[in-house]
Structures are given as C-alpha cells and as structure tokens.
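Presented below is the structure to which this report refers.
Numbering starts at 1 and runs along the sequence shown.
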Amino acid sequence: MRILCVDIDTLRPDHLGCYGYARNTSENIDAIARDGVRFNDYYCSDAPCLPSRAALVSGRFGIHNGCINHGGVYAEMRPEGHDRAMQDGFGRFSLPAVMRRAGMHTATISSFADRHGAWWFNGGFNECYNVGKRGLEPADDVLPIALKWLDDNKERKDWFLHVHVWDPHIPYRTPEKYGRPFENEPLPDNWMTKELLEYQRQHCVGAHSACEVNGYSDEPDAAHPRQITHVRDLDEFKRLVDEYDTGVWYADKRLGEIFDKLREQGIYEDTAIIISSDHGESLGELGSYCEHGEADAIVTHIPMIIKWPGCAKNAESNGFHYHLDLLPTLIDLLGGVPEFKANRVTGKATPFNYDGESYADLVRTGEDGGREYLVVSQCAHVCQRGVRFGNWMYIRTYHDGYHLNEADELFNLKEDPHEQHNVAKEFPEVCWHGAWYLEHWVAENMLKNIEHQEVDPLWGVIHDGGPFHCRGYLANYCERLEQTGRTEEAEALRRRHPQDLKESY
C-alpha cells in the first residue's frame with residue numbers, strides 16, 4: 001500500500017474550492033477531492049501547531065498526552081514513567097510507527113520537529129528530511145525533495161510519505177516571482193465592514209490584533225514583504241486576505257507537481273492520498289489576524305480529504321470528527337496491523353489506548369456519521385476549551401491571553417460563521433448545554449489519568465505562568481496601548497492580570 005499524507009499548515013477549509021470558496025485557490029486539491037471523500041466538520045482537538053500534531057500522531061487528546069503549550073513543561077509529551085520499556089510507547093504506537101508496523105517504508109519531509117523541538121514526531125519514520133529553515137521555507141524548497149523521493153522509491157510497493165508545506169502560515173512567504181494572483185479580484189465573502197474594523201482597532205487587543213498583526217507590534221519584516229503588519233482600512237484587510245489566499249494557491253500549485261508525478265509513474269489510482277492541516281487561521285474573526293490563537297471554530301476547523309483506492313469518490317461526509325480519529329481509521333482501512341509483544345514490565349500489549357474513533361466505513365461509502373459533539377482546546381495563546389455541537393460553538397476562557405475575552409462566549413455558526421456576535425447572554429440555556437458537555441468530557445478524561453495521578457494540563461499551564469505566547473509581554477504592551485490611544489484597554493488588562501506586570505521581555 002502506498003499512502004501520501006499531505007500536511008498543509010494553517011489551512012482553512014472555507015478557502016478551498018472544494019469547500020465552496022469562489023476563488024481559484026486549490027484546483028489540484030479540488031481534483032483529489034473529486035476522487036475521494038471530503039469531510040465537512042473535521043476539527044483538531046488541540047490547537048495550535050505543536051499540540052495539534054502531538055494529538056494527531058499519538059491518537060490522544062492533549063489532556064492525556066500532556067503536550068498543549070508552545071513552551072514550558074506542557075510543551076513536552078507526558079513521560080511514561082515506570083511503565084516505559086527500553087523503547088518508548090510513542091515510538092511504537094504513533095501514527096508513523098503503526099504505518100511502519102503495517103509493512104510500509106515511512107518518510108517525512110518536514111521541519112516541524114526542528115521548529116518546535118518536537119523530536120518525538122520523527123519516531124516511527126525510516127527517513128526524515130528537514131529543509132533546515134524551521135518552518136520559514138517556501139514550498140519551492142520542499143517540492144524538489146519530495147519529487148526526488150518519489151523517483152528514488154518508484155519501485156517500492158509499500159510506503160507512507162508525509163509532505164509538509166507551510167505557505168499559508170505567517171509570515172507569508174510566497175516567492176515574489178509568483179505575483180499576486182488575487183490583487184484585482186474582489187473578496188468572495190466580504191463580511192468585514194468599516195465600522196467593525198474601527199471597533200476592532202480600538203477595542204480588540206492582544207497579540208495579532210488589527211493594530212499589531214505580527215504580534216505585539218506593527219514593525220515590518222524586510223525579509224517578508226508580503227506580510228501586512230497593521231490593518232488600517234478595508235483595502236489593507238483585502239490585501240491581507242489576498243496574501244493568505246496566495247499562500248494557499250501557491251502551496252496547491254506546487255503540490256500539484258507531486259500528484260502529477262504519481263500519474264506519471266502510473267500509480268496515482270492505487271495510491272491513497274490524505275490532505276489535511278494542523279489548524280485553521282483567524283483572518284479578522286474575534287479581532288484576531290494571521291494567527292491561530294483561540295479554541296474557536298475558525299482555528300480548530302480543518303479540511304480532511306481522503307482518496308482511498310476502491311472507496312467512495314466525489315463524496316462529502318457530514319458529522320463531527322477529530323483529526324486524531326485518523327490513526328484508528330487508517331488501522332481499520334488497512335485491515336488491522338500486527339501488535340507488538342507485551343511490555344515485559346507491564347504485561348500489556350499497548351501502553352495506552354487511542355482516543356480516536358475509526359470512520360473507515362465513511363471513507364468506504366461517503367455516508368454521514370460522527371460524534372454528537374467535540375471538545376477542542378487551546379493553551380499556547382489563551383487557555384480555552386470550546387464545545388462544537390449542533391450549530392453552536394461554546395467557548396470557556398480560563399486565561400484570556402490579554403485579549404479581554406468574556407469568560408463565556410457562544411456563537412451560532414449557521415447564522416454567524418465569522419463569530420462576530422457573542423450570544424451567550426441571549427441563550428443561557430445553550431451555554432449550559434455546552435458547559436454540560438464540557439464538564440462531562442473533562443471528568444471522563446481526567447478519570448483516565450487517575451492511574452498516573454496527573455492534573456489537568458490546562459491548569460498546569462496557568463500555574464506555570466499562562467500561555468507561552470503572552471508570557472512577559474504585558475507591561476510593555478500596556479505602554480504601547482497607551483501610546484496608541486487605547487488607555488482604557490491598557491487599564492483593563494492591568495486590572496485583570498496584575499500578577500503579569502512584574503516581568504517584561
């Protein structure tokens with residue numbers, strides 16, 4: 001079996017043609033979707049990048065694997081402790097390790113492990129290729145390696161190849177020679193208004209706000225001229241979305257060469273192709289720009305397209321799924337994989353159970369199915385958990401990451417897909433419903449941690465000083481707010497986070 005796993009960083013499904021986007025950003029991905037199944041309500045369980053891939057390849061929620069932040073104790077996988085054998089369990093039961101155990105030669109072309117110090121990600125891969133630019137490389141640097149690998153392995157019958165491109169992720173890095181394909185094309189979904197943008201510029205604060213798109217300032221980066229650093233008006237808003245779409249278009253354009261190589265080698269029909277992402281991207285939603293810093297529907301909703309030989313074609317499946325459901329789904333589609341012998345210390349055949357649930361039958365048929373609700377988490381920029389159910393997105397904030405969020409937020413995604421109207425006060429009974437789901441999910445999953453006497457890592461992050469991306473910035477940022485006419489917001493942040501004013505980087 002040959003499996004190509006295409007990992008496009010920071011990819012919003014609603015900016016792909018196969019998900020209904022009017023711009024021609026994804027003709028090659030759209031073609032794969034016509035040959036497979038597109039999943040419409042697919043979410044990462046833990047955002048952003050590091051926690052998302054930790055959950056994906058482990059098949060476990062961050063509340064279990066412990067990796068939920070971008071720095072500090074909780075940016076590490078939870079140690080196995082006394083039960084660890086000579087070879088750790090992750091290296092035997094992660095997604096790539098399972099593919100290898102199924103008889104495939106496994107390879108990854110990604111700088112992810114280098115960017116995040118997440119060397120466990122490489123466990124289970126026979127070959128690891130790192131461009132060396134720690135996620136700042138354009139697809140032009142990745143594709144030659146992928147094409148050469150396919151040429152070098154064209155005689156192999158069984159392989160699993162993971163190809164990772166970063167182009168929709170900031171800083172936008174599409175090479176200038178590719179131009180600006182959407183410069184003269186209107187926005188397909190022009191939901192932003194002058195009044196809303198002005199409100200965001202004055203009242204929506206924190207990293208990656210309209211006045212500080214690239215973090216806590218608006219200083220430009222000469223190395224990345226495409227990256228807008230300050231959204232002052234609707235023209236700049238359009239330019240920002242144009243550049244994001246250009247990143248998607250450019251990634252699709254170069255990835256199309258890989259798909260063409262499979263056709264050239266005569267193996268396209270018999271090769272399984274999986275296309276997905278680690279998380280989405282805020283492009284003005286909740287006042288956030290060019291970042292993936294919430295546990296909301298915009299950030300956690302990701303595409304999933306699976307073309308599997310002999311299975312459904314040109315199909316779409318509805319129903320809620322986590323990205324960590326992929327691992328058990330692949331095991332199911334492959335007809336199961338051989339188990340390792342029992343750990344001689346614990347006597348168990350596996351060191352942990354997967355949290356994912358197989359949806360292999362939906363890949364085979366294209367029919368609907370899935371979970372009743374999903375709980376998604378974010379602890380690198382804010383500490384939040386969100387619950388996706390029905391038409392609703394309920395968000396509970398424990399640490400606001402200096403965005404001044406309300407503790408409870410509720411959005412009707414059918415009527416308000418860009419999450420502009422918090423209706424928590426209008427629909428308290430729906431909030432209670434979401435909170436009920438959340439409480440039961442936390443209780444159920446914490447009971448699974450009792451054996452190891454572990455705390456909920458979300459509270460561990462707060463105890464350690466909060467989300468990584470807001471540690472040490474508050475004092476200087478409040479001064480900037482005052483200097484730019486946002487004194488009330490600076491005072492509100494000081495009142496809410498007095499303990500964070502002591503340190504500044």
Checklist entry - What heavy-atom pair brings His15 and Val241 nearest, and what distance separates the two atoms? => result CE1-CG1, 4.0 Å
Next on the checklist: How close do Phe411 and Asp416 get, counting heavy atoms only, and between which atoms?
Outcome noted: CD2-OD2, 3.9 Å
Checklist entry - Taking the six-membered ring for Trp, are the ring centroids of Tyr373 and Trp441 within less than 6.0 Å of each other? => result no
Item to check | Ring centre gap for Trp436 and His440 strictly below 6.0 Å | outcome: yes
Next on the checklist: Regarding Asn412 and Asn391, do their side chains bring together a donor and an acceptor under 3.5 Å, going by distance alone?
Outcome noted: no
Checklist entry - Quick one: do the Arg486 and Thr484 side chains pair a donor with an acceptor below 3.5 Å? => result yes
Next on the checklist: Please evaluate residues Cys383 and Trp459 with respect to the criterion side-chain contact (heavy atoms from CB on, under 4.5 Å), reporting the C-alpha separation (whole Å), side-chain torsions for both, the decisive distance (0.1 Å), and the verdict.
Outcome noted: CA-CA 9 Å; Cys383 286; Trp459 291 107; over 6 Å; no
Item to check | Between CD on residue Glu281 and OG1 on residue Thr10, distance to nearest 0.5 Å | outcome: 5.5 Å
Checklist entry - Can you name the closest pair of heavy atoms from Leu161 and Trp149 and give their distance? => result CD2-CE3, 3.7 Å
Next on the checklist: Centroid separation under 6.0 Å, is that true for the rings of Phe389 and Tyr394?
Outcome noted: no
Checklist entry - Would you say Asp46's side chain and Gly62's backbone share a donor-acceptor pair under 3.5 angstrom? => result yes
Item to check | Expected output: side-chain Gln378 to main-chain Glu294 donor-acceptor under 3.5 Å | outcome: yes
Item to check | Side chain to side chain, Trp119 and Asp114, heavy atoms closer than 4.5 Å | outcome: yes
Next on the checklist: With salt bridge (Lys or Arg N to Asp or Glu O under 4.0 Å) as the criterion, how do Glu243 and Arg180 come out once you've worked through the C-alpha distance, each side chain's angles and the decisive distance to 0.1 Å?
Outcome noted: CA-CA 8 Å; Glu243 290 296 354; Arg180 287 166 172 74; 3.2 Å; yes
Item to check | From OH (Tyr244) to CG (Leu11), nearest 0.5 Å | outcome: 5.0 Å
Checklist entry - Does the salt bridge (Lys or Arg N to Asp or Glu O under 4.0 Å) test come out yes or no for Arg388 and Asp41, once each step is laid out? => result CA-CA 10 Å; Arg388 181 73 177 90; Asp41 279 305; 3.8 Å; yes
Checklist entry - Between His418 and Trp191, what is the ring plane arrangement, given parallel below 30°, perpendicular above 60°, and tilted in between? => result parallel
Checklist entry - Can a donor-acceptor pair be found between the side chains of Tyr322 and Asp355 at a distance below 3.5 Å? => result no
Checklist outcome for this item: Only residue of His403, His70, His208 satisfying ring pair (Phe, Tyr, Trp, His ring centres under 6.0 Å) with His469 is His70
Checklist entry - Are Ser377 and Phe61 close enough, and set up right, to give a side-chain contact (heavy atoms from CB on, under 4.5 Å), and what steps lead you there? => result CA-CA 9 Å; Ser377 300; Phe61 296 122; over 6 Å; no
Next on the checklist: Given 3.5 Å as the limit, does a donor-acceptor pair link the side chain of Glu137 with the main chain of Gly135, or not?
Outcome noted: yes
Next on the checklist: Parallel, tilted or perpendicular: which one describes the rings of Tyr199 and His203, with boundaries at 30° and 60°?
Outcome noted: tilted
Checklist entry - Of the non-hydrogen atoms in Asn65 and Ser58, which two are nearest, and what is the gap between them? => result ND2-OG, 3.4 Å
Checklist entry - With ring centroids as reference points, do His169 and His292 lie under 6.0 angstrom apart? => result yes
Item to check | Rounded distance (nearest 0.5 Å) linking atom CG of Asn405 with atom NE2 of His399 | outcome: 11.0 Å
Item to check | CA sep, side-chain torsions, deciding dist, call: Asp9, Arg115, salt bridge (Lys or Arg N to Asp or Glu O under 4.0 Å) | outcome: CA-CA 13 Å; Asp9 217 278; Arg115 178 179 176 86; over 6 Å; no
Checklist entry - Could you walk me through whether Arg494 and Glu491 pass the salt bridge (Lys or Arg N to Asp or Glu O under 4.0 Å) check? => result CA-CA 5 Å; Arg494 290 187 179 113; Glu491 292 175 350; 6.0 Å; no
Checklist entry - Which pair of heavy atoms, one from Cys67 and one from Trp120, lies closest together, and at what distance? => result SG-CZ2, 4.3 Å
Next on the checklist: Using 0.5 Å steps for rounding, measure from the CH2 atom of Trp166 to the SG atom of Cys49.
Outcome noted: 6.0 Å
Item to check | Point-to-point distance, once rounded to the nearest 0.5 Å, from CG of Leu240 to CG of Asp235 | outcome: 12.5 Å
Next on the checklist: If you apply the rule side chain to side chain donor-acceptor pair (under 3.5 Å), what do you find for His301 with Asp14, and how did you get there?
Outcome noted: CA-CA 9 Å; His301 188 203; Asp14 62 346; over 6 Å; no
Next on the checklist: ring pair (Phe, Tyr, Trp, His ring centres under 6.0 Å), that's the test. Do Phe121 and His162 meet it? Break it down for me.
Outcome noted: CA-CA 12 Å; Phe121 182 81; His162 169 252; 5.5 Å; yes
Checklist entry - Are Arg53 and Phe112 in a cation-pi setup, meaning NZ or CZ lies under 6.0 angstrom from the ring centre and within 45 degrees of the ring axis? => result yes
Checklist entry - Closest approach of Cys379 and Ile68, non-hydrogen atoms and distance? => result CB-O, 3.5 Å
Checklist entry - Ion pair present between Asp218 and Arg480, side-chain N to carboxylate O less than 4.0 angstrom? => result yes
Checklist entry - In terms of side-chain heavy atoms, does Glu482 have a donor or acceptor partner in Thr487 at a distance below 3.5 Å? => result no
Checklist entry - Please walk me through it: do Ser26 and Asp30 pass side chain to side chain donor-acceptor pair (under 3.5 Å)? => result CA-CA 6 Å; Ser26 54; Asp30 298 346; 2.9 Å; yes
Next on the checklist: Quick check for you: to the nearest 0.5 Å, what is the distance between Asp233 atom CG and Arg201 atom CZ?
Outcome noted: 8.5 Å
